[in-house]
Amino acid sequence: MLDKTYQPSELEHRIYTAWEAANSFACGQPGRIAAGARPYTIVIPPPNVTGSLHMGHALNNNLQDILIRFERMRGRDVLWQPGTDHAGIATQMVVERQLMEKQEPGRQAMGREKFLKRVWAWKAESGGTIINQLKRLGASCDWSRERFTMDEGLSEAVLKVFVDLYREGLIYKDKRLVNWDPVFQTAISDLEVEQREVNGHMWQFAYPLVEGPVDGIAEIIIATTRPETMLGDGAVAVHPSDERYKNLIGKLVRLPIAERHIPIIADEYPDPEFGSGAVKITGAHDFNDFEVARRNDIPLIPLMDSQARMIVTPENNVPKHYEGIDRYEARKLVLKEIEELGFYRSVEEKIIAQPFGDRSGVVIEPMLTDQWYVDAQTLAKPAIQAVESGKTEFVPKNWEKTYFEWMRNIQPWCISRQLWWGHQIPAWYGPDGEIFVAHDEDEARALASKYYGEDKPLIRDPDVLDTWFSSALWPFSTLGWPEQTPELERYYKTDVLVTGFDIIFFWVARMMMMGLHLMKDGQGQPEVPFHTVYIHALVRDEAGAKMSKSKGNVMDPLEMIDEFGADALRFTLSAMAAQGRDIKLAKSRVEGYRNFGTKIWNASRFLEMNECVRVENFDPGALTQGVNKWIAGEVEKAAGAVTAGIEAYRFNEAAGAIYRFVWNIFCDWYLELIKPALQGDDEEAKAETRATAAWALDQSLILLHPFMPFITEELWTRLGERGPARDTMLILAGWPETKGLVDAPAEAEFDWVIRVVSEIRSIRAEMNVPAGAKVPVSVLGAGEATRARLEANRDALTTLARLGAISTSDTAPRGSVQFVLDEATFALPLEGVIDISAETGRLNSEIEKIGKDISQIDAKLANENFTSRAPEHVVEEQRQRKADAEAVVAKLKDALKRLEAAS
RNA sequence: GGGCGGUUAGCUCAGCUGGAAGAGCGCCUGGUUUACACCCAGGAGGUCGGCAGUUCGAACCUGUCACCGCCCACCA
């Protein structure tokens with residue numbers, strides 16, 4: 001016997017273990033392959049090994065699991081390929097912090113090899129956290145295939161791609177300005193930089209002309225938000241059209257403090273309208289200035305070391321006392337000294353945009369360094385084309401625009417990181433700096449000795465690759481590439497990629513580029529990694545703010561699972577996953593959908609109590625009882641809606657369809673309607689009804705399973721204990737197929753029953769009829785069909801509307817409340833209960849309301865334009881509506897007369 | 001500056017191809033109807049942001065304005 005309420009916490013673990021024990025998640029099941037099942041593949045967006053499950057993961061993986069469970073039940077050979085990402089910076093950070101907390105020697109003191117051992121040890125110990133959390137959510141990944149971006153095989157793939165792209169000229173080394181993170185002391189890519197508006201200042205300084213005034217101008221005023229960078233200025237630029245400075249171009253100014261002479265140059269970059277119109281050019285510490293300096297052959301003068309501390313070089317001529325001080329200390333010092341020297345002109349407060357490292361949270365310093373780059377522009381071309389041609393489609397479609405926008409303006413991708421944790425760059429340097437890129441050291445040595453004609457010592461590049469470099473290979477590296485494995489053959493290309501829009505650039509774009517460059521289809525043409533990219537919303541808090549630890553508005557999915565169960569959380573996320581909108585998640589929604597679980601639980605309990613047991617070879621197409629025919633049709637309609645919803649990635653609609661079916665049709669009406677039959681003594685009808693109820697519940701469990709896998713599996717098992725043995729666990733049960741079960745007469749009949757009962761209930765409530773009172777009903781002007789329906793559903797109507805005797809007659813009893821339904825008028829004798837004048841008022845206002853409808857329709861129909869231009873069926877519909885409304889009004893007027901006659 | 005999205009019930013949001021405004025939560029009124037109070041029944045509540053247009057017909061299409069988000073690029 002089922003308990004009164006569902007207790008998720010007790011069961012979820014047990015059910016998950018049972019699925020795993022039955023090997024339900026594994027791809028390539030022999031039975032399916034033998035049956036010719038087509039593959040269906042999703043690769044998981046690999047969470048960081050350091051990660052723990054947040055709401056975004058929960059949504060993302062929930063949607064993937066819905067697709068996977070759905071296709072699995074539809075008979076496909078599904079592979080949900082799981083794994084984790086080594087997450088370079090994040091992981092290194094975690095371990096370094098740990099060393100600090102334990103007061104152990106830091107990374108540098110420890111040395112590379114020992115430190116990496118520590119990171120691996122950490123990974124072995126704590127790296128599985130998020131995987132276990134995914135399991136708690138119910139994710140049915142093929143865990144036997146779990147991969148890690150630094151696995152041997154995946155590292156092999158990274159190595160091969162790097163070497164191949166290098167040899168093709170698509171990877172190269174370059175010295176240019178990069179975004180430098182002074183905390184992690186590494187370069188980061190443009191995408192890892194976040195522009196933030198902060199309160200800042202804009203100062204104005206004067207640089208005096210070396211050779212004295214020209215046109216009466218003795219000094220040139222420059223503006224800066226970063227005074228310390230003036231020490232590295234290589235020029236002052238003015239716009240060539242700026243009349244004020246025309247005669248100054250080519251002259252030298254004296255750079256205070258550094259005491260260098262720098263030229264005034266003409267360049268298109270300065271805006272004559274802004275400030276003084278003159279811009280100081282610090283080519284080594286500003287991206288715009290870098291371009292100006294390059295164009296004009298102005299030297300780039302570095303000012304800082306890897307921690308953004310000032311350096312003193314013959315080149316920059318910075319005074320000794322700046323050596324080693326932090327850039328912000330240097331700023332103060334420059335301001336002070338400039339003022340003392342008399343070159344300080346003004347300051348204003350200003351909101352300025354500054355670049356911050358997205359992980360470190362400190363201001364990024366543009367630095368001139370040697371780094372490795374991918375020629376993204378070349379790789380982007382096929383990736384753009386693949387989306388233009390529809391080989392890969394975004395859902396919703398509007399994200400394609402974002403993708404195109406970025407891809408068409410793509411910059412070289414800086415892939416080297418000055419970290420230790422990651423894939424070390426397979427490049428070796430000779431004593432003269434010559435580069436040898438090779439799969440291993442032996443190959444590099446061979447290349448070097450060929451190049452030099454003798455053996456020379458080589459040093460390996462200490463840097464590692466951007467984490468996203470290996471992620472870009474994920475859809476095929478996880479399947480065994482570069483080996484030509486059977487899995488690669490069978491499951492690539494993958495089907496759908498499910499992800500949030502925040503990583504379209506980081507990940508989706510790069511997978512497209514790498515996939516198209518490296519993978520070929522059967523015809524030898526470049527193959528996309530997936531045909532569909534489903535972009536889901538971001539999960540926000542109740543007020544619409546991004547959830548973040550610092551704001552303290554984080555809703556922990558695991559806490560939700562503990563409190564309400566994984567199914568409740570999953571259903572909430574599904575029901576709210578409408579396309580193109582953020583999800584504002586409130587706890588009350590989760591609670592509400594927990595109640596939905598309880599509802600189906602109790603419906604199952606009801607069937608159990610009433611011995612509604614599954615019957616072998618049950619045929620829903622061969623039913624005799626109207627109510628059963630009706631529910632069979634409703635099951636089919638619900639199945640169609642759920643199927644269509646998932647197929648179209650309209651998860652909220654699919655969830656809504658099964659919710660409405662289970663609660664508002666199956667529980668609210670069907671179970672109530674069959675109560676008389678279940679308690680009656682027509683054994684044949686009872687048997688059919690029991691079997692039908694059991695079947696309809698089974699179908700509900702199937703349709704609900706992708707959304708609420710745990711409770712449905714539990715009920716499937718528990719209910720299965722009573723009937724003939726089940727063939728499979730629910731997770732592997734077959735998805736409903738259309739069988740033409742919708743029976744129009746049954747549909748019309750039960751639509752009528754529902755309307756009759758609802759009308760009567762409404763009137764009872766309005767008239768304050770005591771709940772226990774049985775009210776007789778007299779039906780006037782009933783046609784054949786109505787008489788038959790009244791007869792067939794006598795018991796159900798009596799129970800649901802709490803009626804006394806039901807009769808048909810031509811005259812209404814005295815003091816009746818009357819309502820019109822189709823051709824018939826229903827009269828409830830409530831003499832003594834009703835207030836005749838109030839009732840008259842009610843009928844009159846009803847007539848008035850319908851009258852308004854009628855005049856509206858009349859206006860439409862009287863409009864020549866409408867009748868001639870609107871489609872025939874629309875016009876006909878309006879005519880029909882009018883006729884129906886008029887018939888109702890006529891009957892209401894009759895009812896009114898009868899009421900008056902009675903008083 | 002460029003782009004994307006939003007504005008519908010008190011709150012959170014659906015509303016697909018233009019053809020009679022919807023859900024959940026909340027609120028109000030009833031309820032010991034032998035599955036379920038995590039429930040049942042009934043009810044109130046909307047100028048679909050403003051304006052203009054297209055159309056026989058607009059929450060939906062177009063334009064425009066207002067406000068609110070987000071992304072990208074930024075004037076030193």
Side-chain angles (χ1 to χ4, degrees), chain A residues 2 4-6 190 195 202 204 222-226 229 237 269-271 273-282 286-289 292 352-353 396 398-399 401-402 405-406 409 501-502 504-505 538 540 542-546 564 568 572 575-576 578-586 588-589 591-610 644 648 650 652-653 656 659-660 664 667-668 671-672 675 679 757-758 761-766 768-772 799-800 802 853 856-857 860 863-871 873-875 877-878 881:
Chain A
L2 294 168
K4 199 169 166 184
T5 52
Y6 173 62
D190 298 347
Q195 295 289 334
M202 191 161 76
Q204 294 205 325
I222 54 87
T224 182
T225 55
R226 302 195 54 201
T229 64
Y269 170 64
D271 173 2
E273 303 295 313
F274 187 87
S276 68
V279 181
K280 62 191 269 305
I281 300 301
T282 318
D286 181 281
F287 286 96
N288 287 312
D289 293 4
V292 176
I352 52 175
N398 55 310
W399 290 109
K401 197 157 183 173
T402 306
E405 186 61 26
W406 190 69
N409 297 301
F501 59 80
D502 51 333
I504 291 178
F505 305 146
L538 235 54
R540 298 174 176 281
E542 223 167 325
K546 207 166 173 170
F564 300 114
T572 308
M576 298 186 77
Q579 288 181 7
R581 267 237 229 201
D582 292 341
I583 296 178
K584 289 183 202 157
L585 195 60
S588 61
R589 296 297 291 249
E591 191 178 356
Y593 290 119
R594 183 275 316 267
N595 296 352
F596 175 54
T598 308
K599 187 72 182 176
I600 196 168
W601 182 265
N602 275 296
S604 307
R605 212 156 69 93
F606 174 77
L607 295 202
E608 191 180 47
M609 287 172 172
N610 284 281
R650 294 177 175 276
N652 58 318
E653 287 174 25
Y659 182 94
R660 286 189 297 274
N664 303 123
C667 291
D668 286 352
L671 293 187
E672 297 301 327
K675 278 180 180 172
Q679 280 146 24
V757 172
S758 302
R761 281 174 175 170
S762 176
I763 283 168
R764 293 179 63 116
E766 211 173 321
N768 295 314
V769 177
T799 316
L800 295 190
R802 322 224 85 213
D853 283 354
Q856 249 179 26
I857 302 170
K860 254 188 185 180
N863 184 343
E864 170 65 20
N865 279 325
F866 174 69
T867 47
S868 61
R869 297 199 197 193
H873 76 272
V874 174
V875 178
E877 194 184 304
Q878 294 302 317
R881 271 186 63 201

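If you're wondering where the values come from, they're calculated on a predicted model, not measured in any experiment.
- One N or O donor and one acceptor, one from the side chain of A/T598 and one from the base of B/C38, sit under 3.5 Å apart.
- A donor-acceptor contact under 3.5 angstrom links the side-chain atoms of A/R594 to the base of B/C38.
- Comparing B/C38, B/C74, B/A35 by their nearest atom to the side chain of A/A353 picks out B/C74.
- Considering only side-chain N and O atoms, A/S762 lies under 4.0 angstrom from the phosphate OP1 or OP2 of B/G43.
- Note on A/D271: a base of the nucleic acid sits closer than 4.0 angstrom, heavy atoms only.
- When heavy atoms are screened at a 4.0 angstrom cut-off, A/T402 is found touching no nucleic acid atom at all.
- Residue A/K401 places none of its side-chain N or O atoms closer than 4.0 Å to OP1 or OP2 of B/G5.
- Side chain A/R589 to base B/U12: a donor-acceptor pair is found below 3.5 Å.
- Between A/N865 and B/G57 there is no side-chain N or O to OP1 or OP2 distance below 4.0 Å.
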Given Watson-Crick and G-U pairs under 3.5 Å, RNA chain B in dot-bracket ([ ] crossing, | other strand) is (((((((..((((.....[..)))).(((((.......))))).....(((((..]....))))))))))))....
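- A/Y6 is linked by a ring-ring contact (aromatic ring centres under 6.0 Å, His included) to A/W601, counting only residues two or more places apart in sequence or in another chain.
- With contacts defined as side-chain heavy-atom distances shorter than 4.5 Å, the pair A/R761/A/L800 qualifies.
- Among the atoms of the strands shown, only primed sugar atoms or phosphate atoms (P, OP1, OP2) are found under 4.0 Å from some heavy atom of A/K4.
- Residue contacts for A/P770: at a heavy-atom cut-off of 4.0 Å it reaches no nucleic acid atom on any strand shown.
- Separation of atoms CD1 (A/I763) and CD (A/E766) is listed at 7.5 Å; rounding is to 0.5 Å.
- Contact of A/Q195 with B/C74 (side chain to base): no donor-acceptor pair of N or O atoms is detected under 3.5 Å.
- Within the nucleic acid shown, A/Q856 has no heavy atom closer than 4.0 Å to any nucleic acid atom.
- Nucleic acid contact class of A/R605 (heavy atoms, under 4.0 Å, all strands): sugar-phosphate only.
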Pair A/Y593, A/F564 - check ring-ring contact (aromatic ring centres under 6.0 Å, His included), show working.
CA-CA 9 Å; A/Y593 290 119; A/F564 300 114; over 10 Å; no
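- The base of B/A35 lies close enough to the side chain of A/E672 for a donor and an acceptor atom to sit less than 3.5 Å apart.
- Residues A/T5 and A/F274 both approach RNA chain B. Their nearest nucleotides, taken by heavy-atom distance, put A/T5 toward the 5′ side.
- Salt-bridge annotation for A/R605 and A/E608: absent, with no side-chain N of the basic residue lying under 4.0 Å from a carboxylate O of the acidic one.
- For A/R764 against B/A41, no side-chain N or O and base N or O form a donor-acceptor pair under 3.5 Å.
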